[in-house]
Amino acid sequence: MSATDLAARPNVVGTRMLRKEDPELLTGEARFVADLMVPGACHMAVLRSPYAHARIASVRLLSGPVHARRDRCLYRC
Amino acid sequence: MQVRMRVNGTEYVHEVEPRLLLVYYLREVVGLTGTNVGCDTSSCGACTVLLDGESVKSCTMLALQADGAEITTIEGLASPDGTLHPVQEAFRQNHALQCGYCTPGMVMAAVSLIREHPDLDEATVREGLEGNLCRCTGYHNIVKAVLAAASAMSAGVPA
Ligand code: FES
Ligand code: FES
């Protein structure tokens, strides 16, 4: 590469660059995962055991619309 | 119950459940997802918006409590022609954001802080933004940005 080619290249090393993503993040236009509204999306919640070390005695699936959907999610998603 | 408020200059009237939080009203009913939810429990400040010009954590109040109010969210801050508000511009110039999740709340809190304190100093910024958490930046550039915005605004950059 000749000296003239080098001179023509933008000099980015050591310069302050403005980030490309900032305008969107600063105006609320950026989309985070929580902002996506996908129709029919499954939701999940994790219920952690209050016991650090224990044996699972049984798992009981409750009925009702919320749980029915949960079952569907388990099998389909 | 019916709730009516102006959000970023537009009037909205909706039937909402009494238990609906203001932040979910803004995000899910009005559809403005710029206001983020970090904790849902008044700790992080990601959900900060302006209510009649003053910063509030919108996860800390019910939509119904904002009935009749004028709300400004991060989407309503820049001018219609796209020019950033001086606080937004200062955040950009001073690299005061990384992932940007805390940013809408930080910016709204800063706007209100600057309005309340014409002579802002570093200690006041740090104390004033105590309720806003950032996991990325380490806060120094945020403080720098807020001070820069304050001096730009007192020098007459239009807000
Ligand atoms: S989401 Fe409101 S303070 Fe964290
Ligand atoms: S920029 Fe990521 S949390 Fe503040």
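Not measured: the values here are computed from a predicted model. Proteins get letters first, then strands, A, B, ... in listed order; numbering begins at 1 in each.
- Residue A:D22 holds its CG atom at 11.0 Å from CZ of B:F91, rounded to the nearest 0.5 Å.
- Counted within 6.0 Å of CD on B:E127, heavy atoms from surrounding residues, nucleotides or ligands total 12 or fewer; the atom is thus considered open.
- Taking a 6.0 Å sphere around CD of B:E54, one finds it holds 12 or fewer heavy atoms contributed by other residues, nucleotides or ligands.
- With hydrophobic clusters built from ILVMFWY side chains whose heavy atoms lie under 4.5 angstrom apart, B:I71 shares a cluster with B:V23.
- If you tally non-hydrogen atom pairs under 4.5 Å between each of B:C99, B:G76, B:P104 and chain A, the highest count goes to B:C99.
- Across all their heavy atoms, A:L26 and B:Q88 have their closest contact at O-NE2, 2.7 Å.
- B:I74 and B:V30 fall into different hydrophobic clusters, where Ile, Leu, Val, Met, Phe, Trp and Tyr are joined by side-chain heavy atoms under 4.5 Å apart, directly or via other members.
- If you tally non-hydrogen atom pairs under 4.5 Å between each of A:E21, A:R16, A:R31, A:M37 and chain B, the highest count goes to A:R16.
- Residue B:L97 touches chain A through both its backbone and its side chain, counting heavy-atom pairs closer than 4.5 Å.
- Your options are B:Q98, B:H85, B:M106, B:R92, and the one with the most heavy-atom pairs under 4.5 Å with chain A is B:R92.
- Residues A:G28 and B:E75 share a closest heavy-atom pair of O-OE2, 4.0 Å.
- One hydrophobic cluster holds both B:V16 and B:L51 under the rule that ILVMFWY side chains link at heavy-atom gaps under 4.5 Å.
- Atom CD of A:E29 is separated from atom CG of B:L32 by 11.0 Å, given to the nearest 0.5 angstrom.
- Within a 6.0 Å radius of CE in A:M17, no more than 12 heavy atoms belonging to other residues, nucleotides or ligands are found.
- The contact between B:H95 and chain A is made entirely by side chain atoms (from C-beta outward), counting heavy-atom distances below 4.5 Å.
- Atom NE2 of B:H117 has more than 12 neighbouring heavy atoms from other residues, nucleotides or ligands inside a 6.0 Å radius.
- For B:R126, the CZ atom sits in a packed shell: over 12 heavy atoms of surrounding residues, nucleotides or ligands are nearer than 6.0 Å.
- Closest non-hydrogen pair, A:T27 versus B:A78, comes out as CG2-CB, 4.5 Å.
- In this structure, B:D121 places its CG atom where more than 12 heavy-atom neighbours from other residues, nucleotides or ligands lie under 6.0 Å away.
- Between A:D35 and B:R27, the closest side-chain pair of non-hydrogen atoms falls below 4.5 Å.
- The contact between A:A34 and chain B is made by backbone and side chain atoms together, counting heavy-atom distances below 4.5 Å.
- Interface residue B:Q93: backbone and side-chain heavy atoms are both found under 4.5 Å from chain A.
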